[in-house]
Amino acid sequence: MTNEEWLNQQIQMLKQQAATYEDQAFYEALAELNQALATRIEQRQGELDGRIWNATKW
C-alpha cells in the first residue's frame with residue numbers, strides 16, 4: 001500500500017465519520033488534493049528519470 005492509498009483510506013474514514021456537510025466537503029476536497037499531489041509526484045519522478053537517463057547516455 002502506498003502512502004497515497006493509506007492517506008486516502010484515512011480521509012474516507014474521516015469523511016464517513018463527519019457530522020456536518022461542511023466537514024464532508026472538506027474531506028472530499030482533501031482527497032482531491034491528495035490525488036493531485038500524487039499525480040504531480042509521479043510526473044516529477046518520470047521527469048527526473050528521463051533527465052538521469054539522458055545524462056548517463058553521453
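Hydrogens, waters and symmetry mates are skipped; everything else that's a heavy atom, side chains included, is used.
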Visitor: Does CD in Q10 sit with more than 12 non-hydrogen atoms of other residues, nucleotides or ligands closer than 6.0 Å?
Guide: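 More than 12 heavy atoms, drawn from other residues, nucleotides or ligands, come within 6.0 Å of this atom.
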Visitor: Quick one: list whatever passes side chain to side chain donor-acceptor pair (under 3.5 Å) with R51, sequence neighbours left out.
Guide: E47
Visitor: Distance from L14 atom CG to F26 atom CZ, nearest 0.5 Å?
Guide: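 If we round to the nearest 0.5 Å, L14:CG and F26:CZ are 9.5 Å apart.
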Visitor: Rounded at 0.5 Å granularity, tell me how far CD in E32 sits from CG in N8.
Guide: 10.5 Å
Visitor: How about M1 and Q9: do any of their side-chain heavy atoms sit closer than 4.5 Å?
Guide: yes
Visitor: Can you list everything that forms a side chain to side chain donor-acceptor pair (under 3.5 Å) with Q35? Sequence neighbours excluded, please.
Guide: T39
Visitor: For the atom pair CG (N3) and CG (L37), what is the distance rounded to the nearest 0.5 Å?
Guide: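 Those atoms lie 12.5 Å apart.
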Visitor: Looking at every non-hydrogen atom in both residues, tell me the closest pair between Y27 and I11 and how far apart they are.
Guide: O-CG2, 3.2 Å
Visitor: Working to the nearest 0.5 angstrom, can you tell me the gap between I41 CD1 and T2 OG1?
Guide: 10.0 Å
Visitor: If every non-hydrogen atom of L7 is compared with every non-hydrogen atom of N34, which pair is closest and at what distance?
Guide: CD2-OD1, 3.4 Å
Visitor: Which heavy atom of Q12 sits nearest to which heavy atom of A31, and what is that distance?
Guide: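 Residues Q12 and A31, closest heavy atoms: NE2-CB, 4.0 Å.
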Visitor: With rounding to the nearest 0.5 Å, note down the distance linking CG in D23 to CD in Q17.
Guide: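 One finds 11.5 Å between CG of D23 and CD of Q17.
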